[in-house]
Amino acid sequence: MDKFIVVAGNIGAGKSTLVDLLSKELALTPFFEPVSENPYLADFYENMKRWAFHSQLFYLTRRLRIHRQLLDVQGSVIQDRSVYEDAEIFAKNLFIQGDISPRDFGVYQDLFQILITLLPPPDLIIYLKTSVPVLTERIARRGRNFENEIPQDYLARLNLLYEDWIAHFKQCPVLIIPTDHLDLVSSAAHMKVVVDMVQEKLTGSTELKT
């Protein structure tokens, strides 16, 4: 593996879209978030307290497996959401709001801290900063039934945790991209700006070395 890029951001921020587009623009191997594979996800959104720990443990194990797999890829890779977000954003939020018990959260954090010492950090994190109204609009537009009832205050708490996490993340450089007025699908100009920013952050030039 040459370069390891992660696209981070809240639900509906546009991570999968950017991963897809950058993988094509920069000849990166994409690794997408295993949303549809989570057997607990629909149950989780109906009853967070009952299924929160199960869902987060699934994501942690699956994300770590992907993290390990991408190390064997030749060339550069780009990942849709990182293992850090599972622990520092989603699991922490569920603990704060009382949906994961202190005992379960302690076990989860111990496992996370041990495992990440065995895996290298990314070379770059791209954080898609998005307001709650825009997140809500994008979630509704993509039409996943299990996401329809996500409360806005839940998204707002996640945004606050993202801001705190990004402010203190030191393992690699971070590129923050505000996305409220960004149209990566229809605007070639917007996409070019993002590609140029990523290349500059990674290499200090306009050519990604792969």
Side-chain angles (χ1 to χ4, degrees), residues 1 4-13 15-16 19 31-73 77-128 132 135 139 144 146-147 149-172 174:
M1 183 181 65
F4 173 21
I5 305 168
V6 164
V7 179
N10 207 336
I11 304 163
K15 298 180 301 300
S16 298
V19 166
F31 286 81
F32 291 97
E33 184 178 17
V35 174
S36 60
E37 300 174 25
N38 187 342
Y40 302 105
L41 197 58
D43 293 326
F44 165 74
Y45 281 125
E46 289 185 6
N47 187 341
M48 288 188 178
K49 187 177 291 292
R50 172 68 179 84
W51 296 106
F53 181 70
H54 302 76
S55 182
Q56 287 306 127
L57 194 60
F58 170 86
Y59 277 129
L60 179 64
T61 55
R62 185 57 56 90
R63 199 94 57 190
L64 287 165
R65 181 184 300 172
I66 292 173
H67 197 128
R68 178 61 189 85
Q69 290 172 347
L70 59 81
L71 298 179
D72 297 327
V73 174
V77 301
I78 186 166
Q79 183 180 16
D80 179 354
R81 186 170 282 152
S82 67
V83 66
Y84 306 101
E85 293 162 81
D86 286 310
E88 301 294 342
I89 309 299
F90 291 91
K92 182 178 289 187
N93 179 65
L94 290 167
F95 169 67
I96 290 171
Q97 66 187 31
D99 290 323
I100 293 181
S101 71
R103 179 177 60 181
D104 287 345
F105 187 66
V107 170
Y108 179 96
Q109 285 293 328
D110 284 346
L111 177 61
F112 169 71
Q113 292 297 333
I114 291 169
L115 291 174
I116 62 170
T117 63
L118 305 175
L119 299 170
D123 295 291
L124 175 67
I125 285 183
I126 304 169
Y127 170 49
L128 302 183
V132 171
L135 292 172
I139 289 169
R144 294 174 182 167
F146 56 82
E147 292 180 339
E149 303 303 321
I150 298 178
Q152 289 200 1
D153 60 346
Y154 175 73
L155 296 173
R157 287 194 302 272
L158 294 181
N159 264 359
L160 290 175
L161 287 169
Y162 263 109
E163 293 295 317
D164 182 67
W165 172 63
I166 287 295
H168 296 92
F169 190 81
K170 306 300 181 185
Q171 286 88 333
C172 74
V174 175

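Numbers for residues simply follow the sequence, beginning at 1. Keep in mind that what you see is a predicted model, and the values were worked out from it rather than measured.
- Ala13 and Leu128 make their closest contact through O-CD1, 3.8 Å (heavy atoms, listed as atom of the first residue, atom of the second, distance).
- At a threshold of 4.5 Å between non-hydrogen side-chain atoms, the residues Phe112 and Val83 count as touching.
- Formation of a donor-acceptor pair under 3.5 Å by the Gln171 side chain with backbone atoms of Pro122 is not found in this model.
- What you find for Tyr40 and Trp51 is that their closest heavy atoms are CD2-CE3, 3.5 Å.
- For the pair Asp104 and Leu57, the minimum side-chain heavy-atom distance is 4.5 Å or more.
- Checking side-chain atoms of Thr117 against main-chain N and O of Ile114 turns up a donor-acceptor pair under 3.5 Å.
- Considering all non-hydrogen atoms of both residues, Ala91 and Ile100 come closest at O-CD1, 4.1 Å.
- In this structure, CD1 on Ile166 lies 5.5 Å from CD1 on Ile125, to the nearest 0.5 angstrom.
- Between Val6 and Tyr84 there is no side-chain heavy-atom pair separated by less than 4.5 Å.
- Formation of a donor-acceptor pair under 3.5 Å by the Arg50 side chain with backbone atoms of Phe44 is not found in this model.
- Defined by atom type and a distance below 3.5 Å, a donor-acceptor pair is present between the side-chain atoms of Glu85 and Tyr162.
- Taking the centre of each ring, Phe90 and Tyr59 stay at or above the 6.0 Å mark.
- Between the side chain of Lys15 and the backbone N or O of Arg81, no donor-acceptor pair lies under 3.5 Å.
- Two residues are said to be in side-chain contact when any heavy atoms from C-beta on lie closer than 4.5 Å; Leu161 and Ile96 meet this criterion.
- Shortest non-hydrogen contact noted between Tyr108 and Gln56 is CE1-O, 3.6 Å.
- Looking only at distances, a side-chain donor or acceptor of Asn10 sits under 3.5 Å from a matching main-chain atom of Leu155.
- Gly12 and Ile139 get closest at one heavy-atom pair: CA-CG1, 4.1 Å.
- Between Phe95 and Phe105, the angle of the ring planes stays under 30°, which puts this pair in the parallel group of the 30/60° scheme.
- Taking CD1 from Ile150 and CD1 from Ile11, the interatomic distance works out to 4.0 Å, rounded to the nearest 0.5 Å.
- Here the side chain of Asp123 pairs a donor or acceptor atom with the backbone of Phe4 at under 3.5 angstrom.
- Scanning all heavy atoms of the two residues, the minimum distance from Tyr127 to Asn159 falls at OH-O, 4.5 Å.
- Side chain of His67 to backbone of Pro121: no donor-acceptor contact under 3.5 angstrom is found.
- If you take CG on Asp99 and CG on Leu94, they are separated by 5.5 Å, rounding to the nearest 0.5 Å.
- Partners of Phe53 according to the ring-ring contact (aromatic ring centres under 6.0 Å, His included) rule, which considers only residues two or more places apart in sequence or in another chain, do not exist here.
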